[in-house]
Each structure stands twice: as structure tokens, then as C-alpha cells.
Amino acid sequence: ANNIEAEQISLTLTSPPDLEVIDVDVKDTVFANENTWLHYTVRNNGPGSFSQTMITDRVYFGNTPVEVINYTGGINRNRTLAAGATYSDSIQIAIPSFAFGYSYLNVSTDRLNAVYENPNEGNNIGSKIVFASQFSSIDLSAVSLTFPKDSFLLGESTTLSYSITN
């Protein structure tokens with residue numbers, strides 16, 4: 001019953017990485033119910049590094065620059081990142097049907113906290129403000145218009161041919 005011995009030891013933690021989304025690039029206007037490409041860059045601002053770690057990056061559509069409720073897409077990749085280094089990626093995201101007005105597209109890196117970043121776990125979101133429209137732009141142009149003759153009498157019926165492109 002007396003086989004316990006205590007001894008003081010010293011532990012030194014390795015310096016942690018600090019992942020931060022530093023750039024989010026997407027069209028300024030997006031359309032509800034449509035897919036669009038989003039490009040982003042993450043930098044390791046910490047003194048530590050990590051290697052071959054599954055990083056989960058997620059994109060959310062929201063009303064604030066930190067909202068992570070309305071998921072629109074994500075990527076899981078094994079990544080290695082030295083201190084001060086960056087990685088960039090692209091993802092096609094789905095704009096939600098309710099999207100309207102000025103909103104944020106928020107990219108959250110290391111969403112599942114695979115990388116130990118203490119005390120900097122709270123700065124993993126980067127945002128881009130976009131205008132969300134309920135309708136995609138329509139740009140109709142008449143490319144040809146053909147009349148059967150050069151002149152008409154008032155009240156005369158005629159048929160014409162036309163072509164339109166969008």
C-alpha cells in the first residue's frame with residue numbers, strides 16, 4: 001500500500017502554430033441557389049509547425065463575419081505547414097436559397113481543431129462581404145432582326161424573324 005513515489009519533473013511545450021485565414025476571394029455579387037468558386041489563403045502566424053495533419057476548412061454563409069451556422073462547403077486535406085508559411089485552396093460552394101442582400105462568406109480553417117494552437121484557437125476565421133441576389137443576371141441581346149420587306153402600311157400585318165442571345 002506504500003508503493004507510491006512522487007518526483008518533480010519539468011515539461012516544456014513545443015511552440016504552437018497559429019492558423020489564420022488571411023485572404024478570401026470570391027465574386028462581389030453571388031446568386032441564391034447557384035454555385036460559385038471561392039479561393040482562400042491560410043498563414044501559420046505562430047512559431048511552431050505541423051506536418052501531415054488532416055485540416056478541415058469550412059465555408060459558411062452568414063450575417064456577421066464570424067457566423068458559422070449556414071454551411072456551404074468544405075475541404076479536408078492532409079497538410080504540412082512551417083512557421084510563417086501559407087497554403088491556398090479553392091472550393092466550389094453552394095449559395096443558399098434564402099441569400100439576399102449584403103452577407104458574409106466566412107472561411108473557418110482547422111474547424112475540427114486538429115492542430116493545437118493554444119492560446120490562439122479563436123482567430124481561425126476569415127471573411128468576405130458579398131451582395132447576394134435572388135436572380136442571376138440576364139443579359140439578353142438581339143443579334144438579328146429580319147423583316148420580309150422594307151416598308152409597311154399602317155395596320156398591315158407582317159411576320160418578322162429574330163434571334164436573341166444571353
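None of these values were measured; they are calculated from a predicted model.
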Interatomic spacing from [atom1] in [X] to [atom2] in [Y] - rounded to 0.5 Å:
X: Arg58; Y: Thr72; atom1: CZ; atom2: OG1; value: 10.5 Å
X: Asn124; Y: Ser108; atom1: CG; atom2: OG; value: 6.0 Å
X: Tyr102; Y: Asp28; atom1: OH; atom2: CG; value: 9.0 Å
X: Tyr71; Y: Ile93; atom1: OH; atom2: CD1; value: 10.5 Å
X: Lys128; Y: Asp23; atom1: NZ; atom2: CG; value: 8.5 Å
X: Phe131; Y: Phe100; atom1: CZ; atom2: CZ; value: 5.5 Å

Residue pair [X] / [Y]: nearest heavy atoms and the distance that separates them:
X: Val24; Y: Ser127; answer: CG2-N, 3.9 Å
X: Phe31; Y: Ile95; answer: O-CB, 3.3 Å
X: Phe61; Y: Glu67; answer: O-OE2, 4.0 Å
X: Gly126; Y: Val21; answer: N-CB, 3.5 Å
X: Ser49; Y: Ala83; answer: CB-N, 4.0 Å
X: Asn44; Y: Ala82; answer: ND2-O, 3.3 Å

Mind checking whether [X] and [Y] sit in one hydrophobic cluster, side chains of I, L, V, M, F, W, Y counted as touching below 4.5 Å?
X: Ile125; Y: Ile55; result: no
X: Leu38; Y: Val68; result: no
X: Phe147; Y: Tyr162; result: yes
X: Tyr104; Y: Val26; result: no
X: Tyr60; Y: Leu112; result: no

Under 3.5 Å, is there a donor-acceptor pair between the side chain of [X] and the main chain of [Y]?
X: Thr56; Y: Arg111; value: no
X: Glu117; Y: Leu19; value: yes
X: Gln134; Y: Ala99; value: yes
X: Asn106; Y: Thr64; value: yes
X: Asn120; Y: Asp18; value: no

Item to check | Pair Glu34 + Lys27, salt bridge at N-O below 4.0 Å | outcome: no
Item to check | salt bridge (charged side-chain N to carboxylate O under 4.0 Å, His left out) pairs, two or more places apart, involving residues 38-56 | outcome: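 Those involving residues 38-56 do not exist here.
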Item to check | Audit row: Phe98, Asn70, side-chain contact (heavy atoms from CB on, under 4.5 Å) steps and yes/no | outcome: CA-CA 11 Å; Phe98 61 81; Asn70 300 301; 3.7 Å; yes
Checklist entry - Between Tyr87 and Asp89, is any side-chain donor less than 3.5 angstrom from a side-chain acceptor? => result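 Side chains of Tyr87 and Asp89: no pair found under 3.5 Å.
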Next on the checklist: Checking side-chain polar atoms at under 3.5 Å, does Thr86 have a donor or acceptor matched by the opposite partner on Thr41?
Outcome noted: no
